[in-house]
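The structure under discussion appears below in the form of structure tokens.
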Amino acid sequence: MTEKIYTTKKNGMAVLLLTILALLAGLAGIIGGAVLLDKGQAWGVCLLVAGIVIDVLGWIPFSGLKVIKPQEALVLTLFGEYKGTIREAGFYFVNPFCTAVNPAAATKLAQSGDSSSHGGAISVSASDVNVQVSSPSKKISLKAMTLNNGRQKINDCLGNPVEIGIAVIWRVTDTAKAVFNVDNYKEYLSLQCDSALRNIVRIYPYDVATDVDTTGDGQADEGSLRGSAEVVAERIRQEIQSKVSEAGLEIVEARITYLAYAPEIASVMLQRQQASAIIDARKMIVDGAVGMVEMALESLNEKQVVQLDEERKAAMVSNLLVVLCGNHDAQPIVNSGSLY
């Protein structure tokens, strides 16, 4: 099923005016026929019947008047046969017996475009009760919409449970496929987003891990959910797009909106990250301290400031490392005598 444009002109205003004039003419015929019958003229019956028929059937053209706003579409069927889609904004008159089809009209998702409520709505306050009832619109929005499916708990490639949420920007590109190829294109999109998210997240570790292949080339790499967010989001977008193309949908963009370890392991993983950070920091401090000690000994030796034997060098190295690697400021002890 592919989309085709419904061939009709924007003649809705002309039909509206003609229909109103016809109804007024029918009303005048009823009144005139009744007056003529009251005067005993037999042909007044014909005028009366014609006026009644016009007023009874004259309301039918109103059901064929359609107003299409920018970035909206209307899928029309006639007795079960797909007739076409109106995409261009305007005021149209179509076959009054055509029916607009949108199986996802009443479906509400956590997304832009579904913020306005359709259908029955009841609001209760301390002073009054307001009831608003309206039927869901059969028009299909062609705007770019944002779907937020909420957070999901998924195990990464190392088996660690993580919570992740994504926002998907999508639009309808083929209204015929969206309406006729799937039962409900909004629910179909939501399900495919959940499935694609799980499929991709299971490939990556939360943080960089050794001996993990995330690209499928057989070689370990440094891909991770936290460090490769752009790559992961693009793979999620491609995965969703491959599933929803048959539904006439285009996935414009997918973004990770939330990423964290699951609560049951969050504290342990935080301690692990802190320990790793402390080890890295200590390693950097020690490397720097050793370099500074080496530089100090070489400078003293080159300038021949003082002659140090191996025992004095060892003592100097020990003192410098204590000063440079200690967590607190060193408290120096001044030796006024000899080392021996």
Side-chain angles (χ1 to χ4, degrees), residues 103-104 106-115 141 144-174 177-179 181-273:
T107 302
K108 300 291 173 266
L109 301 177
Q111 64 176 15
S112 60
D114 285 339
S115 57
S141 176
M145 306 179 72
T146 304
L147 170 64
N148 187 356
N149 261 13
R151 303 173 186 176
Q152 296 187 60
K153 184 184 293 185
I154 307 172
N155 291 340
D156 65 2
C157 70
L158 301 179
N160 298 321
V162 298
E163 288 187 349
I164 185 170
I166 60 170
V168 178
I169 302 176
W170 65 282
R171 66 163 63 96
V172 177
T173 55
D174 192 311
K177 289 182 178 180
V179 171
N181 282 10
V182 294
D183 183 57
N184 187 317
Y185 65 89
K186 289 184 179 180
E187 292 181 354
Y188 182 78
L189 172 65
S190 178
L191 178 62
Q192 294 302 329
C193 287
D194 292 343
S195 176
L197 181 61
R198 290 184 177 275
N199 291 340
I200 300 301
V201 169
R202 288 170 181 169
I203 300 175
Y204 289 86
Y206 179 86
D207 214 340
V208 177
T210 58
D211 300 329
V212 174
D213 176 22
T214 62
T215 58
D217 57 0
Q219 298 181 357
D221 54 71
E222 296 183 352
S224 65
L225 295 175
R226 192 179 69 169
S228 308
E230 295 292 333
V231 177
V232 175
E234 178 59 22
R235 292 188 67 174
I236 294 174
R237 187 198 70 81
Q238 294 176 358
E239 179 77 8
I240 301 173
Q241 183 64 71
S242 65
K243 302 297 183 182
V244 301
S245 295
E246 282 300 316
L249 306 179
E250 177 191 1
I251 307 302
V252 180
E253 188 180 14
R255 291 291 178 184
I256 297 176
T257 57
Y258 180 83
L259 178 63
Y261 280 113
E264 56 267 26
I265 66 168
S267 59
V268 176
M269 289 301 178
L270 179 59
Q271 293 177 0
R272 178 183 176 183
Q273 291 177 358

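- The closest side-chain heavy-atom distance from Ile240 to Trp170 is not below 4.5 Å.
- Contact between Leu147 and Ser190 at its shortest, heavy atoms only, is CD2-CA, 4.2 Å.
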(request) Give the intermediate values and the outcome of side-chain contact (heavy atoms from CB on, under 4.5 Å) for residues Asn155 and Asn160. (result) CA-CA 5 Å; Asn155 291 340; Asn160 298 321; over 6 Å; no
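- Legend: residues meeting side chain to side chain donor-acceptor pair (under 3.5 Å) with Glu246, ordered by chain and number and at least two apart, are absent.
- Taking every heavy atom of both residues into account, Thr215 and Arg235 meet most closely at CA-NH1, 4.4 Å.
- For Ile251 against Val168, the heavy-atom pair with the smallest separation is CG2-CG1, 3.8 Å.
- Interatomic distance, Asp211 CG to Gln219 CD, rounded to the nearest 0.5 Å: 12.5 Å.
- Counting heavy atoms from C-beta outward, Leu191 and Leu189 have side chains that stay 4.5 Å or more apart.
- Note that SG of Cys157 and CG of Asp213 are 10.0 Å apart. Values are rounded to the nearest 0.5 Å.
- Considering every non-hydrogen atom in both Thr107 and Glu187, the closest pair reads CG2-CG, 3.9 Å.
- For the atom pair Gln192 CD and Glu239 CD, the distance stands at 8.5 Å (nearest 0.5 Å).
- More than 12 heavy atoms of other residues, nucleotides or ligands shown are found within 6.0 angstrom of CD on Glu253.
- Of the possible donor and acceptor atoms, one in the side chain of Thr173 sits under 3.5 Å from a partner among the backbone N and O of Gly248.
- Shown here are the ring-ring contact (aromatic ring centres under 6.0 Å, His included) partners of Tyr188, two or more places apart in sequence or in another chain: there are none.
- Under the 3.5 Å distance criterion, with hydrogens and angles disregarded, a donor-acceptor pair is assigned to the side chains of Gln241 and Ser245.
- Taking 4.5 Å as the limit, some side-chain heavy atom of Arg255 sits within range of a side-chain heavy atom of Glu230.
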(request) Decide yes or no on side-chain contact (heavy atoms from CB on, under 4.5 Å) for Tyr206 and Leu259, but give the supporting numbers first. (result) CA-CA 9 Å; Tyr206 179 86; Leu259 178 63; 3.7 Å; yes
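- Of the possible polar contacts, none joining the Thr214 side chain to the Tyr204 backbone as a donor-acceptor pair under 3.5 Å is found.
- Atom CG of Asp221 sits in a crowded spot, with more than 12 heavy atoms from other residues, nucleotides or ligands closer than 6.0 Å.
- Of the inter-residue distances, the one linking Ile256 atom CD1 with Ile164 atom CD1 reads 4.0 Å to the nearest 0.5 angstrom.
- In terms of heavy atoms, Pro103 sits closest to Asn184 at O-ND2, 3.6 Å.
- Around atom NZ of Lys243, no more than 12 heavy atoms belonging to other residues, nucleotides or ligands sit under 6.0 Å away.
- For the pair Gln152 and Val201, the minimum side-chain heavy-atom distance is 4.5 Å or more.
- In terms of heavy-atom proximity, Asp207 sits nearest to Ser224 at C-CB, 3.5 Å.
- Of the listed residues (Lys177, Arg237, Arg171), just one forms a salt bridge (charged side-chain N to carboxylate O under 4.0 Å, His left out) with Glu250, and that residue is Arg171.
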